[in-house]
Each structure stands twice: as structure tokens, then as C-alpha cells.
Amino acid sequence: MSSSRPLPKTILVFDVDGTLTAARQQITPEMREFLIEARKRVPLAVVGGSDFKKITEQLANHDTDLVQSIQKAIGDDKLQELINFALRYMSDITLPVKRGNFVEFRNGMINLSPIGRSCSQDERMQFVQFDTEHGIRRKFVEELEKNFGKYGLQFAIGGQISVDVFPTGWDKTFCLKYIENEFDVIHFFGDKTAPGGNDHEIYADERTIGHTVEGPEDTRRQVEEVLKKH
């Protein structure tokens, strides 16, 4: 990588799963080294739907806590109504397999998985194919929006096996308020950038230059192209 002058008014912002890492996997040493070198030229940031602890476990094995809470934002009564509805809805879906951990409560969001987050990697990939063919999560999002959009909640297809639920305005554009006044150019890299995906809002935001990637290697290639232009 070139050691030319830094880019003081540009920042690169990354999704994690499917962008810097394979889904729910740790970053490879090669990708980590690449980012370390890139950081010498331009500031980097990551934004994700998982708790910060999970993100840092994937990227650096650090530990910390989030302060934003979906529970405080909408209250336990509405949360319980949402969870009860989701469990009933998912119980009526027939899939090749179902496992455990269908509802995961995180500080900033609720993660709903029709197959269950306890599935194996092979079962995960089987669900990905089934979901692509039958639109399981897309239909789930439509039902959630119809029934709970009135509560100020947003719903997005997240990762490979789940749907993310979070308060309106707490999508990934939430991070921009912390950096938009510090940088002239904000590049965002993510894999779920189509409408309905949990990268779409920040990808399409007028404050960012959005890049759709197909995995960590493609991310690296596109970052190299961005840095060549500066």
C-alpha cells in the first residue's frame, strides 16, 4: 500500500459481518493487517447491529458495554408484545431445520432468527439458500412493519439468518452524527445495502459515499481503489 500523505478529511466506515469478516467469524490476520496499514493514511470506523462486545470479539477481542437501550426507548410492555408476536409468527414457519435462540435481546436492538442462532454453519448456509428462494425474512419484515411500525420501530434483514428490530433513527445512520462535522467525505462499505437490508439506510444516506461489497476480499479491493484516488 502506498505511504502517500494522509487523508485528514476522509473517513472509511465499515459494516462488520460480510464486510470485514465472514458472517459471525473473527477477522483474519491478513485483513486486520490491511486495516492497520490503511489507518496510517485515513481514519477508520466500524458500525454494526451487534452489541459492541460481539463486534470487538470479532475484530480485536476487547470488551466494553453499550449505553443505548431499546428497553428504555420503547418500554417493556411494547417489547413483550413484539416478542410474543415474533415467537408466534416464527412457530408457524416450516423450515428445513429449526434450532434454538430465536430471540436475542441486545442493548440497542432485538435480533429475531427464524432458524435460531444455535444452528450450525452448514444449517446456516442451508437457511440462506431457503430464504433466498422463499423470502422468509422479507415476509417477516413486512408483517413486523405492519403490526409494530406504529411503535416507532424499524425492521431490517440482518446478516444471514435474522431480522433486526430497533427504534426509528437507530439504524446505522445513527453513527453519522458523531462524525459528519469532522469529515468532508464519508465512505461506507457494507454487504446488505439493498432496500430492506440493514446497511441500506447508511449506504443511501446523502452524507455518505456508499460501496456495496461481496465479502472481505472485495472490501479490501474497493478500499484500495478508494485510496488510489487520493
Side-chain angles (χ1 to χ4, degrees), residues 10-25 27-28 31 34-35 38 42-50 52 54-55 58-59 106 108-114 124-125 127-142 144-145 149 153-180 183-229:
T10 298
I11 187 169
L12 310 186
V13 181
F14 301 90
D15 168 53
V16 180
D17 275 359
T19 301
L20 295 180
T21 75
R24 294 306 305 144
Q25 303 298 310
I27 193 170
T28 65
M31 177 59 86
F34 173 75
L35 294 176
V42 58
L44 309 179
V46 296
V47 56
S50 296
F52 196 73
K54 289 188 176 182
I55 293 175
Q58 284 181 265
L59 299 180
R106 302 173 181 174
M109 59 180 280
I110 300 290
N111 184 263
L112 307 172
S113 176
R124 171 187 285 263
M125 298 315 298
F127 175 81
V128 169
Q129 181 62 36
F130 192 84
D131 185 46
T132 299
E133 295 174 359
H134 299 281
I136 299 298
R137 292 185 295 167
R138 175 182 55 79
K139 295 173 185 175
F140 193 11
V141 165
E142 289 172 358
L144 289 166
E145 288 176 341
L153 293 171
Q154 288 181 244
F155 310 91
I157 293 172
Q160 294 179 309
I161 62 171
S162 57
V163 169
D164 295 336
V165 182
F166 45 88
T168 300
W170 285 22
D171 56 54
K172 291 179 181 178
T173 62
F174 189 80
C175 74
L176 296 179
K177 69 179 183 179
Y178 297 104
I179 59 176
E180 62 179 322
F183 299 94
D184 297 324
V185 180
I186 302 171
H187 289 273
F188 172 76
F189 300 82
D191 65 318
K192 294 291 189 298
T193 58
N198 64 359
D199 294 327
H200 176 70
E201 285 79 8
I202 187 170
Y203 167 84
D205 194 283
E206 62 182 8
R207 293 168 290 181
T208 70
I209 299 173
H211 304 264
T212 302
V213 304
E214 297 180 355
E217 286 304 314
D218 189 36
T219 300
R220 178 170 179 166
R221 180 187 64 79
Q222 293 199 42
V223 169
E224 288 173 338
E225 289 299 315
V226 167
L227 294 180
K228 284 178 183 177
K229 296 176 182 178

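All values below come from the heavy atoms of this structure, side chains included, with hydrogens, waters and symmetry mates left out. Position 1 is the first residue of the sequence, and the numbers go up from there.
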**Student:** Atom CD in Gln222, atom CG in Leu12: separation rounded to 0.5 Å?
**Tutor:** 11.5 Å
**Student:** Taking only Lys NZ, Arg NE, NH1 and NH2, and the carboxylate oxygens of Asp or Glu, determine whether Glu224 and Arg220 approach each other closer than 4.0 Å.
**Tutor:** yes
**Student:** How far does CD1 of Ile136 sit from CG of Asp131, to the nearest 0.5 angstrom?
**Tutor:** 6.5 Å
**Student:** Which atoms form the tightest heavy-atom contact between Ile186 and Glu180, and what is the distance?
**Tutor:** CD1-CA, 4.0 Å
**Student:** Kindly write out the residues that satisfy salt bridge (Lys or Arg N to Asp or Glu O under 4.0 Å) with Asp171, not counting sequence neighbours, or none if the list is empty.
**Tutor:** none
**Student:** Of all heavy-atom pairs between Phe140 and Pro114, which one has the smallest distance, and what is that distance?
**Tutor:** CD2-CG, 4.2 Å
**Student:** For Asp218 versus Thr212, what's the shortest heavy-atom pair and its separation?
**Tutor:** OD2-O, 4.0 Å
**Student:** When the aromatic ring centroids of Phe188 and Tyr203 are compared, is their separation below 6.0 Å?
**Tutor:** no
**Student:** Describe, in one word, how the ring planes of His134 and Phe130 are oriented to each other, choosing from parallel (under 30°), tilted (30 to 60°) and perpendicular (over 60°).
**Tutor:** tilted
**Student:** Output the distance between atom CD1 (Ile157) and atom NZ (Lys192), rounded to the nearest 0.5 Å.
**Tutor:** 9.0 Å
**Student:** Does atom CD of Glu145 have more than 12 heavy-atom neighbours, drawn from other residues, nucleotides or ligands, at distances under 6.0 Å?
**Tutor:** yes
**Student:** Compare every heavy atom of Gly108 with every heavy atom of Phe166, then report the nearest pair and how far apart it is.
**Tutor:** CB-O, 3.8 Å
**Student:** Quick one: closest heavy-atom pair of Ala38 and Leu227, and the distance?
**Tutor:** CB-CD1, 4.3 Å
**Student:** Of all residues at least two apart in sequence or in a different chain, which pass the salt bridge (Lys or Arg N to Asp or Glu O under 4.0 Å) check with Arg138?
**Tutor:** Glu142
